[in-house]
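Counting begins at 1 with the first residue of the sequence.
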Amino acid sequence: MVNSNNISGLIQRTLNHVDPRLVDHGKRVAYLVSRMLETSGEYSEKEKQDIFFLALLHDVGAYKTEEINEMAKFETVDIWEHSIYGYLFLYHLSPLREWADVILYHHISADHLDGVAERIAKISQVVNLADRVDMFWLHHPHREALNQYLNRSRGSRFRSEIVDLFMETQQNYHVIEDLNAETDLKKVMPDVVLSAEECEDYLKMMIFAIDFRNQHTVTHTITTTSTARLMGMNEKQIRHIYYGALLHDLGKIGIPVEILEFPGKLSPQAMKIMRTHVNITEEILAGTITPDITKIAIRHHEKLDGSGYPRGMRGDEMSMEEQVVAVADIVSALLGTRSYKEAYSKEKTLSILEEQASNGKINSQIVSIIRENFDDILAEVKDKCTPILRTYYGLQKEYEVLLEKHRGITG
């Protein structure tokens with residue numbers, strides 16, 4: 001499905017729908033960091049790949065704190081909120097756990113890194129310098145001014161050897177000049193082949209990025225996946241359903257939280273915006289995920305009678321896999337809690353499904369299977385969702401502890 005050649009594009013397209021400024025900044029920082037690691041010669045290809053993705057995502061915490069406008073400035077007042085949230089996301093919800101501490105400290109001056117493990121402190125400094133170089137060049141694109149800034153910062157904000165490493169990198173690769181051009185990530189990303197498990201971990205990380213903004217979306221995805229996997233299809237169909245269900249709401253990352261969590265019925269205009277999540281999902285997946293899985297993901301709001309969206313398809317145009325995920329999506333929506341609704345009961349859920357089946361909107365055979373296996377579905381959903389919910393409930397508490405610990409330490 002995905003590999004080392006296209007996973008960065010999938011990440012970039014997903015996060016672009018929140019705010020492209022941070023993604024473009026992350027892309028340039030990843031480029032600078034990658035070239036600096038290449039110059040140092042100290043890191044394996046796997047380490048360089050992991051640190052590359054880490055640098056690409058170094059400001060992911062700003063998606064949670066909505067500090068994006070502040071982050072677009074050269075000098076920021078509060079360095080901790082997005083750093084802590086970014087650390088928590090990468091530690092708990094990504095394949096980059098062993099490097100997550102780098103993001104916690106990526107705005108901390110060299111003279112405040114006492115007690116931090118050396119491998120973390122050094123990469124924190126590399127990311128810190130690359131971050132500041134990119135922001136400086138964005139606001140003051142003058143080579144001599146940049147050199148003066150870096151030399152003034154020696155021994156305080158940046159270690160001297162990190163400044164020297166950047167200067168050597170500039171000599172080797174002319175990285176400053178490349179910041180003015182569109183950087184092709186494939187040219188600078190280390191050539192390491194991801195395993196199937198690692199690819200799935202990065203896909204899940206993107207799904208978790210939705211829940212990082214809106215707590216209920218991942219549990220919704222897990223519910224849909226768990227329901228779909230009980231439908232008794234062959235191994236290939238189940239695998240396609242699994243990935244289609246996993247990715248079906250990826251486009252919600254581009255929907256404002258105030259719409260996702262609006263406490264009541266959405267206005268026609270807000271509903272129009274909400275429905276664009278399907279088109280966003282299609283845009284993100286295009287060219288990366290195979291067409292049959294993409295179709296499963298983007299047709300989960302279609303109905304057999306043509307009353308669904310976005311294309312108003314009819315039953316004979318939808319595969320059984322697509323129909324399964326469409327029904328499972330309704331189940332998960334009815335059983336899930338939101339800020340504006342409680343979970344529906346078993347009886348109410350089955351009543352709604354049977355009404356839609358009798359009206360020709362959804363597949364009656366699938367509804368029968370759900371009715372027969374309803375208790376087993378709920379048991380599997382509870383089993384799969386409990387660890388994720390525990391993680392999300394713990395994130396805010398851990399955030400508050402870390403913020404109190406580091407408050408007062410400036411960059």
Side-chain angles (χ1 to χ4, degrees), residues 14 17 206-207 210-211 214 216-229 231 240-257 259-262 264-286 289 291-338 340-341 343-344 349-350 352-367 370 377:
T14 302
H17 284 284
M206 290 295 92
I207 303 300
I210 306 169
D211 223 37
N214 166 36
H216 303 282
T217 310
V218 161
T219 55
H220 184 177
T221 301
I222 293 173
T223 304
T224 305
T225 305
S226 299
T227 304
R229 293 180 70 185
M231 295 304 174
H240 285 187
I241 286 172
Y242 170 77
Y243 281 109
L246 182 69
L247 297 165
H248 80 288
D249 271 345
L250 187 56
K252 283 188 175 178
I253 200 165
I255 305 300
V257 174
I259 291 179
L260 288 175
E261 285 296 293
F262 185 75
K265 185 177 180 180
L266 293 174
S267 68
Q269 181 60 30
M271 179 56 74
K272 185 177 181 180
I273 294 172
M274 173 67 90
R275 289 185 170 189
T276 64
H277 81 272
V278 180
N279 306 94
I280 295 171
T281 299
E282 184 172 15
E283 182 183 332
I284 292 170
L285 301 183
I289 305 301
D292 47 356
I293 293 174
T294 298
K295 288 176 184 177
I296 293 172
I298 66 175
R299 293 180 176 179
H300 65 281
H301 285 298
E302 300 288 356
K303 305 290 186 186
L304 300 184
D305 64 353
S307 64
Y309 70 89
R311 291 181 170 86
M313 303 179 72
R314 292 188 173 272
D316 57 357
E317 299 176 277
M318 295 176 65
S319 69
M320 183 58 71
E321 292 95 321
E322 292 160 15
Q323 293 182 45
V324 165
V325 173
V327 176
D329 183 71
I330 297 170
V331 174
S332 64
L334 295 174
L335 293 177
T337 59
R338 297 291 188 275
Y340 51 85
K341 67 175 279 292
Y344 282 21
T349 299
L350 289 175
I352 292 172
L353 290 176
E354 287 165 356
E355 180 182 1
Q356 291 205 25
S358 65
N359 291 335
K361 292 182 179 296
I362 58 178
N363 188 303
S364 59
Q365 179 187 358
I366 297 170
V367 172
I370 289 175
I377 290 171

- Please confirm whether the backbone N or O of A297 pairs with a side-chain atom of H300, one donor and one acceptor, at under 3.5 Å? yes

- Please collect all ring pair (Phe, Tyr, Trp, His ring centres under 6.0 Å) contacts where either partner lies in residues 308-330, sequence neighbours excluded, each pair once. H301-Y309

- Note on the structure: In this structure, CG of L246 is separated from CD1 of I207 (nearest 0.5 Å) by 4.5 Å

- Query: What residues form a salt bridge (Lys or Arg N to Asp or Glu O under 4.0 Å) with E283, not counting sequence neighbours?
  - Reply: none

- Message: Nearest 0.5 angstrom please: I293 CD1 to L247 CG, how far?
- Response: 8.0 Å

- Heavy atoms of L335 and Y344 approach each other most closely as CD2-O, 3.8 Å

- Under the side chain to side chain contact (heavy atoms under 4.5 Å, CB included) rule, collect the residues that match up with T294, sequence neighbours excluded. L285, I289, I298

- Query: When you look at H248 and T281, which way does the side-chain contact (heavy atoms from CB on, under 4.5 Å) test go after all the steps?
  - Reply: CA-CA 7 Å; H248 80 288; T281 299; over 6 Å; no

- salt bridge (charged side-chain N to carboxylate O under 4.0 Å, His left out) contacts in which one or both residues fall within residues 296-311, not counting sequence neighbours: E282-R311, R299-E322, D305-K361

- Shortest non-hydrogen contact between L304 and M318, atoms and distance: CD2-SD, 4.4 Å

- Query: In this structure, are over 12 heavy atoms from other groups packed under 6.0 Å from E355 atom CD?
  - Reply: no

- Query: Is a side-chain N or O of E321 found less than 3.5 angstrom from the main chain of I296, in a donor-acceptor match?
  - Reply: no

- Validation row: I366, L353 side chains within 4.5 angstrom (heavy atoms): no

- Residues V327 and N363: closest non-hydrogen pair is CG2-N, 4.3 Å

- Query: How many angstroms lie between CD1 in I330 and OG1 in T349, if you round to the nearest 0.5 Å?
  - Reply: 11.0 Å

- Within a strict 4.5 Å, meaning less than it, do heavy atoms of the Q356 and V367 side chains meet? no

- Item | From CG (D249) to NE2 (H277), nearest 0.5 Å | 4.5 Å

- Task: Quick one: closest heavy-atom pair of I284 and G251, and the distance?
- Result: CD1-CA, 4.5 Å

- Item | Qualifying ring pair (Phe, Tyr, Trp, His ring centres under 6.0 Å) pairs with a residue from residues 311-330, counting only residues at least two apart or across chains | none

- Query: Would you call M271 and I259 a side-chain contact if the rule is heavy atoms closer than 4.5 Å?
  - Reply: no

- OG/S307 to CZ/R314 distance, rounded to the nearest 0.5 angstrom? 8.5 Å

- Spacing of I253 atom CD1 and H17 atom NE2 [to the nearest 0.5 Å]: 9.5 Å

- Query: Quick one: side chain to side chain contact (heavy atoms under 4.5 Å, CB included) partners of S267, sequence neighbours excluded?
  - Reply: Q269, A270

